[in-house]
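Notes follow once the structure below has been shown.
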Amino acid sequence: MPLLQVLRPTLPILIGASIMLTLSMGLRQSLGIFMQPLTHDIGISISHFTLALAVQNLAWGFLQPVAGAMTVRYGFRPIMVVGALAYIAGLVLMTTAHGLVAIMIGAGVLIGLSLACTANAIAMSVSARAVPETVRSTVLGMVSAAGSLGALLSAPIGQMLNEGFGWRVGLAGFVILSVSMIPAALYAGRVDKIPLPKPAADDIGNATAATAAKTAFSNAAFVVMTCAYMVCGMQLVFLTTHLPSYLAICGLDPMLSAQTLGMIGGFNVLGSLFFGWAGQRWNKLALLGAIYILRSLALAWYFMLPATPGSTLLFGAIMGFLWMGVGPLVAGAVAEMFGLRWQAMIQGLAFMSHQVGSFLGAYGGGLIYDSLGSYTMAWRIGVALGLAGGIIQLAFALIRPAQPPLLKVA
């Protein structure tokens, strides 16, 4: 049966999830554009701004399993709508900020809370429930690809408004874009009307939240995936936060940072589609390890050479292809190992590790720069940890591949 025919009944849900994801991720990934003018204007340091983004990542990570568990009790729609409203409030607070406290609450706590309710784990869980298992990985790749368009849209808009009218107007443009998350969340929330497959008596779907979490952490494949996921977060958030500042230090055109983030967003589409397709055919955990290794090699290549517009855009294309492809692979692996009922919560538990890495990438990168006046030590640490995490993930996946059937609760 053609894929479009299979998906036609659930297209509004998938489109809503894609729009919600593209805005929540795209706007968040583009906040680094405003770092230099914002910090100079309101009198805070680079490390203060990156601390706010680090708080955002920690709030997102530690609230993600809570939001996932709440979807089981209350449904996806109310959780996603609350997240959309929190995103708008956070951006408004940033737009009107005159000191560190407003930035910390707006960019840190509120947007972090919103991402826990609207970003990858929730959007992927909505999409996984809406489609048959036979096309799940492919569809997750498609939704992730659609979600990747956010940076392609928001980064150039933010940079043009920032350069033409100032950072406050640029953030006000982001506020306007974020309002579209509300109707997107309402459409995606229609998934609550789709019943889950009836679980067998001993499936994890019948377990409590505590039992589901304990079962997940007793699974060796899940634990290795979760640990390697930390390196993923560290590398990606280091780039989205500090690449605009690094390019400014290198004396390159400020618009290049927006173009590079847009390039990342564009190639995210291709990478998400490819790894969604590949995850339907090959070992998802082995593919994750390969992504981490290739990313680390790309980081080493770029930062070892003098930055030029050409090398920067090529670097953005390579990293973009290897960026959001992680999303459908992690979501698909969790669904295979543990089923759909607790997918959002268990994926959130893995994501906590990712966000600890994000905290280190954002704040640690800022501390190293403030201390040494250079990003050299930061990228070297990112490359070394990325290679180690990728090799361990790949080796474990090939030696002890995860089994497709649902994990049984003892």
Side-chain angles (χ1 to χ4, degrees), residues 61 120-121 124 136-137 140-141 144 213-239 271-272 274-304 318-339 343 346-361 364 378-408:
N120 295 72
M124 291 296 172
R136 183 181 297 152
S137 183
L140 291 176
S144 181
K214 182 178 179 181
T215 301
F217 283 111
S218 67
N219 184 306
F222 175 79
V223 171
V224 171
M225 182 190 76
T226 299
C227 293
Y229 211 12
M230 182 180 71
V231 178
C232 172
M234 182 183 63
Q235 291 179 336
L236 298 191
V237 174
F238 170 75
L239 280 180
S272 296
F274 172 78
F275 286 107
W277 171 84
Q280 198 79 46
R281 290 157 177 80
W282 298 305
N283 187 310
K284 295 178 177 63
L285 300 181
L287 289 170
L288 284 172
I291 286 176
Y292 301 152
I293 292 171
L294 292 173
R295 274 189 196 163
S296 300
L297 295 176
L299 278 167
W301 162 76
Y302 177 70
F303 283 101
M304 286 176 66
I318 295 170
M319 293 301 292
F321 187 78
L322 301 170
W323 197 285
M324 289 282 281
V326 169
L329 295 176
V330 170
V334 170
E336 284 181 358
M337 288 188 279
F338 307 108
Q343 180 190 354
I346 294 175
Q347 193 173 335
L349 292 172
F351 197 67
M352 288 172 62
S353 173
H354 182 283
Q355 294 310 93
V356 170
S358 297
F359 176 91
L360 296 174
W379 71 255
R380 286 178 176 174
I381 292 172
V383 168
L385 292 178
L387 287 173
I391 291 169
I392 292 170
Q393 173 71 84
L394 180 61
F396 189 89
L398 296 177
I399 295 170
R400 295 184 58 182
Q403 297 300 314
L406 295 179
L407 186 68
K408 305 300 182 181

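Below, each value reflects all heavy atoms present in this structure, side chains not excepted, and no hydrogens, waters or symmetry copies.
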If I take atom CZ from residue F222 and atom CD1 from residue I346, how far apart are they, to the nearest 0.5 angstrom?
6.5 Å

Residues in side chain to side chain contact (heavy atoms under 4.5 Å, CB included) with I391, at least two apart?
I293

Take M352 and L349, measure what side-chain contact (heavy atoms from CB on, under 4.5 Å) needs, and give me the verdict at the end.
CA-CA 5 Å; M352 288 172 62; L349 292 172; 4.1 Å; yes

Minimum heavy-atom separation for L297 and L387, please, with both atom names.
CD2-CD2, 4.1 Å

Name all residues meeting the ring pair (Phe, Tyr, Trp, His ring centres under 6.0 Å) criterion together with Y302; count only those two or more places apart in sequence or in a different chain, and write none if there are none.
F315

Using side chain to side chain contact (heavy atoms under 4.5 Å, CB included) as the criterion, list what pairs up with A290, not counting sequence neighbours.
none

Closest approach of A350 and T226, non-hydrogen atoms and distance?
CB-OG1, 3.6 Å

Once you round to the nearest 0.5 Å, how far does CE of M304 lie from CZ of R380?
8.5 Å

One should read off an interatomic distance between L394 CG and N283 CG, to the nearest 0.5 angstrom, of 9.0 Å

If I take atom CG from residue L398 and atom CG from residue L285, how far apart are they, to the nearest 0.5 angstrom?
10.0 Å

How would you list all residue pairs meeting salt bridge (charged side-chain N to carboxylate O under 4.0 Å, His left out) that involve residues 217-234, not counting sequence neighbours?
none

Interatomic distance, M225 atom CE to Q347 atom CD [nearest 0.5 angstrom]
7.5 Å

Which pairs would a plain distance check flag for residues 227-235, meaning a side-chain donor or acceptor within less than 3.5 Å of a matching protein atom at least two apart in sequence or in another chain?
unit_1: Q235; atom_1: NE2; unit_2: S296; atom_2: OG; d: 2.9
unit_1: Q235; atom_1: NE2; unit_2: G382; atom_2: O; d: 3.1

Mind jotting down which residue pairs meet the salt bridge (charged side-chain N to carboxylate O under 4.0 Å, His left out) criterion with at least one end in residues 282-300? Sequence neighbours excluded, please.
K284-E336

What do the steps show when you test F275 against L288 for side-chain contact (heavy atoms from CB on, under 4.5 Å), and what is the final call?
CA-CA 9 Å; F275 286 107; L288 284 172; over 6 Å; no

With F274, which residues qualify under side chain to side chain contact (heavy atoms under 4.5 Å, CB included), at least two apart?
W277, A278, F321

